[in-house]
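Notes to accompany the following structure.
Computed from heavy atoms alone, side chains included, the values below leave out hydrogens, waters and symmetry copies.
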Amino acid sequence: MSAKQRELAVKLRRRISSGEFSETGKLPTEDQLIEQYGVSRYCVRGAIAMLASAGEVFPMRGSGVFVREDRAGNYMPIGRSYGIAADFPDRKVSSLVQELALIRADRQLAHRMRCAEGDQVWRVVRLRSVDDQPISYETAWYLKEFVPYLNEEIARGSLYSYMRNDLGLAFGFDDKVIHMDWLTSEAARLLGLNEGDPAICIEDDAFLSNGKLFNASRNLYHYKNAKFYSMASMR
C-alpha cells in the first residue's frame, strides 16, 4: 500500500471513531471521497481495502461501504494493524521503553529475522498503554539494514510512523501467529498482573513491499484490558 493510501485510511478511521457516519452507517461514496480529499480513485480504493482488512468497514457491491458497529473499550483489529497509535487515534497512547539495544543476531534470532548470524538488529522492549491502562508488553526486533538509527525518544512514539514517514519504508504485509502464553515476572510487574497469569501472545513478522522482513515482534497482551475484533463475510 502507498503512503497516500495509508494516510487516507488513517484519516477515515478518525472520522469513523468520532461517530461521524453513525447515522448513515456507511462511508461516503468513492466519488465523494475523491472530491473531499483530492485523491485518485486508486488511492480511495486502497484506503478502503486497508480499512476492510482491519475489520473497520465492509464493502458490499452495489450498496456501498458499511461501517462496523462502534465498540467501546480497547478493541484492536486482529488482522492488519497500523500500530497501536493508529488503532486509537483520539486517545492517549504511550510507550515506556524498558530496553533499547543494538545487538548481533545469534543463530536463533538470525533464523527468525531471515538474516545472517552477526547482522545488527535493534532490540526494543516497551510497555504500551492506552489512557494509562497497560495493554501490552512488547519485544520487537528491527534489522539495522532497514532502520539505521533509533533512540529512546523515537521509541517512546510510534515506531511504524517513524519508519514510514521519516525513513520512507514501504510496508507490505505481516504474518501473525496467535497463541496463549504465561506472563514472566517482569512482564507481569509492568502490566500490573501476577507472574504466571495468562496472556494472549501475538507474534508478528512484518515485511516491506519488496518482500523483505524488517521487523519481528512478540506481544503479550493484558488479558483484562486488551480486546480484539475481526469482521468476516457471511457470503
Using distance alone, with no hydrogens and no angle criterion, decide if [X] and [Y] have a side-chain donor and acceptor under 3.5 Å apart.
X: Glu203; Y: His179; answer: yes
X: Ser95; Y: Arg156; answer: no
X: Asp31; Y: Thr29; answer: no

**Message:** Before you tell me yes or no, could you show the steps for Leu8 and Leu33 under side chain to side chain contact (heavy atoms under 4.5 Å, CB included), namely the whole-Å CA-CA distance, both residues' side-chain angles and the distance that decides it to 0.1 Å?
**Reply:** CA-CA 10 Å; Leu8 178 57; Leu33 291 173; 5.7 Å; no

**Aromatic ring pairing Phe228/Tyr221, orientation class (parallel under 30°, perpendicular over 60°, tilted between)** =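 Perpendicular, since the angle between the ring planes exceeds 60°.
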
**Request:** Would you please classify the geometry between the Tyr149 ring and the Trp122 ring as parallel, tilted or perpendicular, with 30° and 60° separating the classes?
**Result:**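 Rings of Trp122 and Tyr149: perpendicular, as their planes differ by over 60°.
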
Do [X] and [Y] come within less than 4.5 Å of each other through their side chains, counting heavy atoms only?
X: Gln133; Y: His222; value: no
X: Leu143; Y: Met113; value: yes
X: Ile34; Y: Arg41; value: yes
X: Ile200; Y: Met180; value: yes
X: Leu27; Y: Ile16; value: yes

**Message:** ring-ring contact (aromatic ring centres under 6.0 Å, His included), that's the test. Do Phe66 and Phe58 meet it? Break it down for me.
**Reply:** CA-CA 5 Å; Phe66 291 85; Phe58 185 69; 7.8 Å; no

**Prompt:** Which other residues end up in the same hydrophobic cluster as Val125, if Ile, Leu, Val, Met, Phe, Trp and Tyr are linked when side-chain heavy atoms come under 4.5 Å apart?
**Reply:**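 Members other than Val125 - counting any ILVMFWY side chain reachable under 4.5 Å - are Leu96, Leu127, Tyr137, Leu183, Leu190, Leu191, Leu193, Leu220, Tyr223.
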
**Item:** Atom pair CD1/OG of Ile154 and Ser161 - distance to nearest 0.5 Å
**Value:**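 That separation rounds to 12.0 Å.
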
**Message:** Tell me if the centroids of the rings in Tyr160 and Phe171 come within less than 6.0 Å of each other.
**Reply:**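 Distance test on ring centres: under 6.0 Å, yes.
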
**Message:** By the definition side-chain contact (heavy atoms from CB on, under 4.5 Å), identify the one residue from Val65, Leu12, Val67 that meets it with Leu51.
**Reply:**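 For Leu51, the side-chain contact (heavy atoms from CB on, under 4.5 Å) check succeeds only for Leu12.
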
**Message:** Surrounding CD of Glu35 (heavy atoms of other residues, nucleotides or ligands, distance under 6.0 Å), is the total greater than 12?
**Reply:**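 For Glu35, atom CD is not crowded (no more than 12 foreign heavy atoms under 6.0 Å).
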
